[in-house]
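One structure is given here, and the rest of the page talks about it.
Predicted model only: the values in this text are computed from it and were never measured.
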Amino acid sequence: MSAPELATGNAPELAALVSARLCHDLISPIGAIGNGLELLRMTESTGRNAGGGPELALISDSLGTALARLRFYRIAFGPADERARQSVDEARQITDALYAGRFGVTWIDGEATTMSRTAAQIAFLAILCFERSLPMGGDVVVSLADDRVQLRAEECRVNAPAELWLHVTSGAPVPEPRPDNVQFQLLRRALTARGYHAERRFSANTAELSLIGPGLARAIPA
């Protein structure tokens with residue numbers, strides 16, 4: 001299968017890329033769990049684990065990361081029922097558990113306590129695209145309003161892959177589909193399938209993306 005054919009978003013090929021992405025991201029924390037268990041076996045007779053220790057902390061942290069990734073990927077890569085709702089608090093808990101280092105996510109939901117399952121999927125895929133575009137990390141602020149999802153990161157180094165973002169906003173072909181850029185293709189597919197359109201404004205230290213639902217898109221003057 002050629003790169004242009006893959007870039008059109010054929011479902012089986014995209015599913016294969018998603019599988020590769022899942023394996024790549026989950027192998028590290030799951031491997032750390034195995035390392036922690038091995039340390040426990042080596043020290044269980046010394047009494048060091050009576051009150052817990054670094055080994056148990058390693059297991060707990062790694063397990064938490066693995067579970068957070070699974071919950072995140074379930075929303076980002078799973079089916080999105082337009083009639084279903086997603087709790088904003090749950091989305092916040094998932095991203096807080098997953099992103100606790102140099103890359104962070106902050107949710108601004110106003111008075112809303114839930115969002116559509118479609119908006120949640122689009123937001124989570126966009127977060128993955130931002131993570132790929134901020135090589136030194138940063139704090140991504142996600143704002144929700146009706147059928148509009150906006151992501152913004154300021155005072156950070158932005159190195160956005162132009163061809164991938166062109167694919168998101170205009171459907172331009174992806175020159176080399178890979179497991180580490182599949183989120184861009186999936187975001188484009190989700191936007192197209194749900195009637196959303198994307199507007200982006202990137203500079204050297206600021207990244208802003210607006211994802212606008214079909215109802216709001218019709219209300220915006222040309």
Side-chain angles (χ1 to χ4, degrees), residues 9 11 14-15 17-19 21-22 25-26 64-101 103-134 138-153 160 164-165 167-169 171 179-200 207-220:
L14 284 176
L17 292 174
V18 170
S19 298
R21 174 65 188 263
L22 290 172
D25 280 4
L26 290 176
T65 299
L67 291 176
R69 285 197 181 279
L70 287 173
R71 295 173 69 194
F72 189 104
Y73 288 156
R74 178 181 61 84
I75 295 173
F77 300 143
D81 185 344
E82 293 182 357
R83 298 166 296 178
R85 305 294 294 179
Q86 171 69 47
S87 164
V88 177
D89 282 341
E90 182 185 5
R92 183 181 292 111
Q93 292 169 11
I94 292 171
T95 55
D96 284 351
L98 182 57
Y99 298 116
F103 184 87
V105 178
T106 301
W107 294 83
I108 299 178
D109 52 5
E111 297 180 355
T113 59
T114 66
M115 57 182 151
S116 70
R117 183 67 174 75
T118 296
Q121 181 181 54
I122 286 172
F124 274 44
L125 287 170
I127 289 170
L128 290 175
C129 294
F130 263 63
E131 185 181 13
R132 174 76 162 72
S133 303
L134 306 179
D139 184 37
V140 178
V141 178
V142 183
S143 303
L144 305 171
D146 298 320
D147 286 334
R148 186 186 188 104
V149 179
Q150 186 175 59
L151 292 86
R152 183 175 178 84
L164 295 177
W165 280 110
H167 177 71
V168 171
T169 57
D180 65 352
N181 65 33
V182 68
Q183 64 269 36
F184 293 89
Q185 299 170 72
L186 291 173
L187 178 56
R188 173 66 185 179
R189 284 172 57 88
L191 294 174
T192 302
R194 306 304 183 189
Y196 278 68
H197 81 276
E199 299 174 354
R200 64 185 176 98
E208 184 174 352
L209 177 70
S210 295
L211 306 168
I212 304 167
L216 292 178
R218 287 193 295 269
I220 295 174

Do [X] and [Y] touch side chain to side chain, with heavy atoms closer than 4.5 Å?
| X | Y | answer |
| --- | --- | --- |
| Leu144 | Val149 | yes |
| Ile127 | Leu151 | yes |
| Phe77 | Leu128 | yes |
| Tyr73 | Val18 | no |
| Leu125 | Leu191 | no |
| Val140 | Leu134 | yes |
| Val105 | Phe130 | no |

Exercise. Check step by step if side-chain contact (heavy atoms from CB on, under 4.5 Å) holds for Ser116 and Gln86.
Key: CA-CA 6 Å; Ser116 70; Gln86 171 69 47; over 6 Å; no

So, using side chain to side chain donor-acceptor pair (under 3.5 Å) as the criterion, who are the partners of [X] when residues are at least two apart?
| X | value |
| --- | --- |
| Gln121 | none |
| Asn181 | Gln185 |
| Arg194 | Glu82 |
| Thr65 | none |

Exercise. Sequence neighbours left out, what passes ring pair (Phe, Tyr, Trp, His ring centres under 6.0 Å) with Phe103? Give chain and number order.
Key: Tyr99

Between [X] and [Y], which heavy-atom pair has the shortest distance, and what is it?
| X | Y | result |
| --- | --- | --- |
| Ala198 | Val168 | CB-CG1, 4.2 Å |
| Ile212 | Arg148 | CD1-NH1, 3.6 Å |
| Ala68 | Ala97 | CB-CB, 3.9 Å |
| Arg132 | Asp180 | NE-O, 3.5 Å |

Quiz item: Do Asp96 and Arg92 meet the salt-bridge criterion of a basic N to acidic O distance under 4.0 Å?
Solution: no

Self-check item: Residues forming a salt bridge (Lys or Arg N to Asp or Glu O under 4.0 Å) with Arg74, sequence neighbours excluded
Solution: Glu90

Exercise. Please test Thr169 against Glu199 for side-chain contact (heavy atoms from CB on, under 4.5 Å), starting from the C-alpha separation and ending with a verdict.
Key: CA-CA 7 Å; Thr169 57; Glu199 299 174 354; over 6 Å; no

